[in-house]
Amino acid sequence: MRSILRELLRGEISVEEAERAIESAQLKLGDRVRFDILREKRTGFPEAVFAPGKSDEDIINIIRTVGDVIVTRLPPERAERIMDGLDLGDDYTADYHETARVLAVRSGEPERLGRIGVLSAGTSDIPVAEEARVVAEESGCEVLTAYDVGVAGIHRLLEPLQDMLESDVKVLIVVAGMEGALPSVVAGLVDVPVIAVPTSVGYGVGEGGFAALNSMLQSCSPGIGVVNIDNGFGAAVLAVKILRAFAGD
């Protein structure tokens with residue numbers, strides 16, 4: 001909405017075009033992009049940009065027009081080109097998180113929501129866990145992390161999990177590949193919602209993350225919600241919505 005008003009004030013679009021854009025709840029950028037400008041008001045979370053399949057020019061045009069944007073699955077070489085092509089002025093900051101492959105462009109600071117925890121079973125699961133962390137932090141969450149605390153050495157889990165619970169986390173995101181056992185263990189120890197994220201880390205019958213996904217769906221520990229394979233972004237969005245529900249009580 002704000003971007004439409006800016007374009008209108010700059011004389012780049014007519015009153016009629018602005019009215020049509022607002023009524024259709026989308027912002028058309030050329031023939032390739034229709035940005036859902038009212039998604040945040042409708043769903044509680046703004047539209048994000050999934051980088052694969054979009055050109056650098058597409059992403060630059062979206063950021064220049066919309067302003068506050070989260071771009072996911074953006075490799076470092078593309079992030080460098082895109083950031084070099086931006087001229088956002090002093091009102092915006094742009095931060096690229098290489099491990100998470102997330103570019104966050106923002107004006108100001110988000111409203112503070114609360115605290116969540118992010119756990120990863122192995123070091124190889126960290127990129128997905130970092131995607132969840134960055135998206136949650138950009139949305140206003142304080143995030144505590146503990147990585148490489150999987151069931152192959154379950155003693156590594158106990159201290160950081162206890163610290164998170166004592167810090168009053170409201171949600172735990174648990175990321176695991178291979179056999180995907182860690183969310184079941186965690187959910188059996190805590191009284192907060194657990195969002196399980198299977199990763200594509202694995203080989204043989206575990207290749208592609210399907211063994212981890214099926215294990216999480218089949219868990220005998222209640223209180224687990226499961227998102228799709230490697231979907232750290234989706235896990236963060238769900239955690240944010242849960243925190244907002246807490247804040248509304």
Side-chain angles (χ1 to χ4, degrees), residues 48 50-53 70-76 79 96-103 116-139 141 143-165 169 171-190 192-240 242:
F50 182 67
I70 291 177
V71 184
T72 64
R73 304 301 166 94
L74 185 66
Y96 178 64
H97 304 266
E98 183 171 344
T99 303
R101 294 180 297 165
V102 171
L103 173 63
I116 71 169
V118 178
L119 301 155
S120 85
T123 304
S124 297
D125 302 311
I126 289 177
V128 176
E130 280 289 283
E131 181 179 76
R133 178 190 67 81
V134 171
V135 172
E137 287 183 342
E138 290 295 328
S139 304
C141 300
V143 183
L144 307 181
T145 61
Y147 296 157
D148 198 21
V149 292
V151 298
I154 198 67
H155 58 285
R156 301 172 298 180
L157 170 67
L158 301 179
E159 183 178 354
L161 183 59
Q162 184 66 33
D163 290 343
M164 289 181 181
L165 295 175
V169 296
V171 186
L172 288 168
I173 296 174
V174 185
V175 183
M178 302 298 280
E179 84 287 15
L182 185 61
S184 293
V185 173
V186 171
L189 297 172
V190 303
V192 298
V194 172
I195 302 171
V197 188
T199 72
S200 52
V201 174
Y203 52 88
V205 297
E207 187 172 2
F210 293 99
L213 173 62
N214 289 331
S215 177
M216 293 173 187
L217 290 171
Q218 187 64 27
S219 174
C220 63
S221 297
I224 296 177
V226 185
V227 298
N228 205 354
I229 298 167
D230 291 335
N231 192 10
F233 171 83
V237 173
L238 180 54
V240 167
I242 292 172

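Tested against I116 for a side-chain contact (heavy atoms from CB on, under 4.5 Å), the candidates I173, T145, I195, L172 yield a single pass: I173. The side-chain contact (heavy atoms from CB on, under 4.5 Å) test with V128 is passed by exactly one of V201, T99, V175: V175. Partner of V186 under the side-chain contact (heavy atoms from CB on, under 4.5 Å) criterion, chosen from V192, L157, I224: L157.
Looking only at distances, no side-chain donor or acceptor of D125 sits under 3.5 Å from a matching main-chain atom of S120. Remark: the backbone N or O of V135 is paired with a side-chain donor or acceptor of S139 at under 3.5 angstrom. At distances below 3.5 Å, at least one donor-acceptor pair connects side-chain atoms of R156 with backbone N or O atoms of G150.
Across every non-hydrogen atom of V197 and G232, the tightest pair is CG1-N, 4.2 Å. Between A187 and P222, the shortest heavy-atom contact is CB-O, 4.0 Å. Here the closest heavy-atom approach between residue D148 and residue G122 is recorded as OD1-CA, 3.7 Å. Scanning both residues, S184 and S221, for their nearest heavy atoms gives O-OG, 2.8 Å. Heavy atoms only, all atoms of each residue included: P198 and A196 are closest at CD-O, 3.8 Å. When all heavy atoms are compared, the tightest approach of E138 to I70 is CB-CD1, 4.0 Å.
Within the model, atoms OH of Y96 and CG of L103 stand 8.0 Å from one another, a figure rounded to the nearest 0.5 Å. Here the CD-CD1 distance, from E131 to I126, works out to 14.0 Å after rounding to the nearest 0.5 Å.
At least one side-chain heavy atom of M164 sits under 4.5 Å from a side-chain heavy atom of L119. Residues V118 and Y147 meet the side-chain proximity criterion, which asks for heavy atoms closer than 4.5 Å. Residues E137 and H97 fail the side-chain proximity criterion, which asks for heavy atoms closer than 4.5 Å. A heavy-atom distance below 4.5 Å is not found between the side chains of E179 and S215. No side-chain heavy atom of E159 sits under 4.5 Å from any side-chain heavy atom of V149.
Salt-bridge check for R101 with E130: failed, with every basic side-chain N at 4.0 Å or more from each acidic carboxylate O.
Legend: residues meeting side-chain contact (heavy atoms from CB on, under 4.5 Å) with N231, ordered by chain and number and at least two apart, are V227, N228, F233.
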